Amino acid sequence: MKRINIEPRANWQQKCEAVGFHFYNMYGEPYWDETACYHFSTSEINELEAATQTLQELYIEAAERIIKENRFSQLSVPEQFAELCRQSWERDDPSLYGRFDFAYDGVNPPKLLEYNADTPTALLESSVVQWTWLEEMFPEADQFNSVHEKLLAAFVEMNGLAGETLYFSCERETLEDLGTVEYLRDLAIQAGLNTQHIYIDDIGWSEDLEVFCDLDNQIIRHLFKLYPWEWMMRENFGKYLLLEPMNLIEPAWKLIWSNKAILPILWEFFPYHPNLLPAYFDSVKLSHPYLSKPVFSREGGNITVYFGDREYQTEGIYEDEPLIYQSYYQLPNFDGYYPVVGAWVIGGEAAGICVREDREIVTQDLSRFVPHYFT
């Protein structure tokens, strides 16, 4: 694994826009960065793929045991929604995608930092954008990237949803979320599905019919939501989800996998697994350095790293969430940048990687996306 400085493509902005990628800059800062790239060997890619598939299996086993042992209180999931999770899991409600985040240096085994199993972004840039970059910059090389093909296949398997519309939803004024949702909607259209976009705050509830509906009072029976389950279950309309008036992607059981409280449970179930880091519900068994993470949080928010003589903290909106504690694992340092390798799971299968890097030790929402290739 190496970080290589390279010249960006001529007119790279227009080339990004040509494939629907418009948020290559965010908040006045570069997000997509092709002044560098990461080179992996074939054996390193094989190791990342194997770790991804292994952890997917561990998560399946962990969810089975959490449900059987009724460990939902440790996940801070209320009992009503715990029952919704149980039913969703037992029905095997389909999941579309997720992304493991690894600390990886090409020398030691990939170490799981967390699993973005409910609302991961960086999807369009992982699939189409870095692939078009590869074709132009390193046409003789390869890339661990079957994200686009596997997503399309997953939508094809939905078999038309009996002709009903699949709605795609996210918050307003979030260019990254909208770009991700529109990319997925385009794939669904290619797969032959009827689709429609709706912002999350435009979804209404019909008391008479006990269904969710759009602005034209059309019933929403199927919804992809780039909006976290933990937010939905706490809002005023959350109680209506318990009636299961529509099919959701991601499904209710993702409340188990996307929850950082699963990390200490995984360590309990599979202690000293080479792809896991020690994690607990308190810090007593951890020595410095270690970190705390809110059970429900996104994009590196409200993480504290305890070094013994000092602390490192990130800002965020999750200061009131319960915490878990995890052994701190130093990210590799390449030219002053700390990369995290995101490993995609599509339809239950390893589907490729992406690399995001930062000069800070915690990857956050504005950390840069850097393309990769392998030989």
Side-chain angles (χ1 to χ4, degrees), residues 43-77 82 85-86 88-90 92 95 97-118 120 250-251 253-297 303 305 322-332 340-351 353 363:
S43 61
E44 289 168 342
I45 292 298
N46 290 340
E47 184 175 36
L48 286 164
E49 182 176 17
T52 302
Q53 212 63 57
T54 295
L55 285 165
Q56 182 75 2
E57 296 301 317
L58 294 189
Y59 265 75
I60 291 171
E61 184 175 341
E64 294 276 8
R65 292 181 61 177
I66 287 168
I67 291 170
K68 182 179 179 180
E69 298 171 13
N70 194 23
R71 304 281 289 269
F72 287 98
S73 61
Q74 289 181 299
L75 303 180
S76 299
V77 174
C85 286
R86 289 189 194 97
S88 176
W89 181 264
E90 289 168 1
D92 195 23
S95 163
Y97 76 140
R99 192 191 71 235
F100 289 109
D101 283 347
F102 290 134
Y104 185 63
D105 58 8
V107 178
N108 299 292
K111 297 292 186 180
L112 176 66
L113 303 174
E114 58 192 50
Y115 192 10
N116 299 280
D118 185 23
E250 295 295 308
W253 59 261
K254 280 296 186 78
L255 264 169
I256 302 172
W257 281 12
S258 64
N259 191 315
K260 292 178 180 62
I262 199 174
L263 295 171
I265 297 176
L266 281 166
W267 187 251
E268 174 192 339
F269 290 166
F270 313 106
Y272 305 103
H273 190 282
N275 298 126
L276 296 177
L277 293 171
Y280 301 94
F281 287 104
D282 59 49
S283 61
V284 174
K285 295 181 180 179
L286 291 169
S287 57
H288 294 103
Y290 64 89
L291 53 82
S292 63
K293 292 180 178 180
V295 167
F296 297 116
S297 64
I303 288 178
V305 184
L323 300 174
I324 62 99
Y325 298 85
Q326 186 182 48
S327 180
Y328 174 72
Y329 191 84
Q330 178 67 60
L331 295 175
V340 166
V341 177
W344 291 99
V345 178
I346 311 294
E349 296 182 355
I353 62 169
T363 305

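Bear in mind that the values here come from a model prediction, so they are computed numbers and not experimental data.
A heavy-atom distance below 4.5 Å is not found between the side chains of Glu61 and Phe269. Contact check for Asn275 versus Phe270: no side-chain heavy atoms found under the 4.5 Å cut-off. Put simply, the side chain of Glu49 does not reach to within 4.5 Å of the side chain of Ile353, judged on heavy atoms. Using a 4.5 Å cut-off on side-chain heavy atoms (C-beta onward), Leu276 and Leu55 make contact. Side-chain atoms of Val295 and Leu75, non-hydrogen and from C-beta on, never get closer than 4.5 Å to each other. A heavy-atom distance below 4.5 Å is found between the side chains of Pro294 and Leu323.
Scored by the ring pair (Phe, Tyr, Trp, His ring centres under 6.0 Å) test, Tyr59 finds Phe100, Tyr115, Trp257 as partners (sequence neighbours excluded).
Note that the CG atom of Leu48 and the OH atom of Tyr104 stand 5.0 Å from one another [nearest 0.5 Å]. Within the model, atoms CG of Leu266 and NE2 of His273 stand 9.5 Å from one another, a figure rounded to the nearest 0.5 Å. A distance of 8.0 Å separates CG of Asn259 from CD1 of Ile265, quoted to the nearest 0.5 Å. Note that CG of Leu263 is 5.0 Å distant from CD1 of Ile324, once rounded to the nearest 0.5 Å. Annotation: the span from Thr54 atom OG1 to Glu47 atom CD amounts to 10.5 Å, rounded to 0.5 Å.
Among all heavy-atom pairs drawn from Ser327 and Leu277, the shortest one is O-CD1, 3.8 Å. Taking both residues in full, the closest heavy atoms of Pro120 and Gly98 are given as CG-CA, 4.0 Å, listed atom of the first, atom of the second, then distance.
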#### Entry: From CA spacing to verdict: side chain to side chain contact (heavy atoms under 4.5 Å, CB included), Phe72, Arg86
CA-CA 10 Å; Phe72 287 98; Arg86 289 189 194 97; 3.9 Å; yes
### Task
Evaluate the side chain to side chain contact (heavy atoms under 4.5 Å, CB included) criterion for residues Phe102 and Val340: first the C-alpha distance (whole Å), next the side-chain angles of each, then the deciding distance (0.1 Å), finally the verdict.
CA-CA 6 Å; Phe102 290 134; Val340 166; 5.9 Å; no
### Query
Thr363 and Asp101: side chain to side chain contact (heavy atoms under 4.5 Å, CB included), yes or no, with the steps?
CA-CA 10 Å; Thr363 305; Asp101 283 347; over 6 Å; no
### Query
So Leu331 and Leu113, side chain to side chain contact (heavy atoms under 4.5 Å, CB included) or not? Walk me through it.
CA-CA 10 Å; Leu331 295 175; Leu113 303 174; 4.1 Å; yes
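Evaluation of the salt bridge (Lys or Arg N to Asp or Glu O under 4.0 Å) test over residues 253-282, restricted to residues two or more places apart or in two chains, returns Arg71-Glu268, Glu114-Lys260, Glu250-Lys254.
With 3.5 Å as the limit, one finds no donor-acceptor pair spanning the side chains of Tyr97 and Trp344.
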For residues 284-291, please give each side-chain donor-acceptor pair under 3.5 Å, one per line with the distance, not counting sequence neighbours.
none

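Relative ring orientation between Trp253 and Trp89 is described as perpendicular, the plane-to-plane angle rising above 60° on a 0-90° scale split at 30° and 60°.
With respect to Leu255, the side chain to side chain contact (heavy atoms under 4.5 Å, CB included) criterion is satisfied by exactly one of Ser76, Cys85, Ser88: Cys85.
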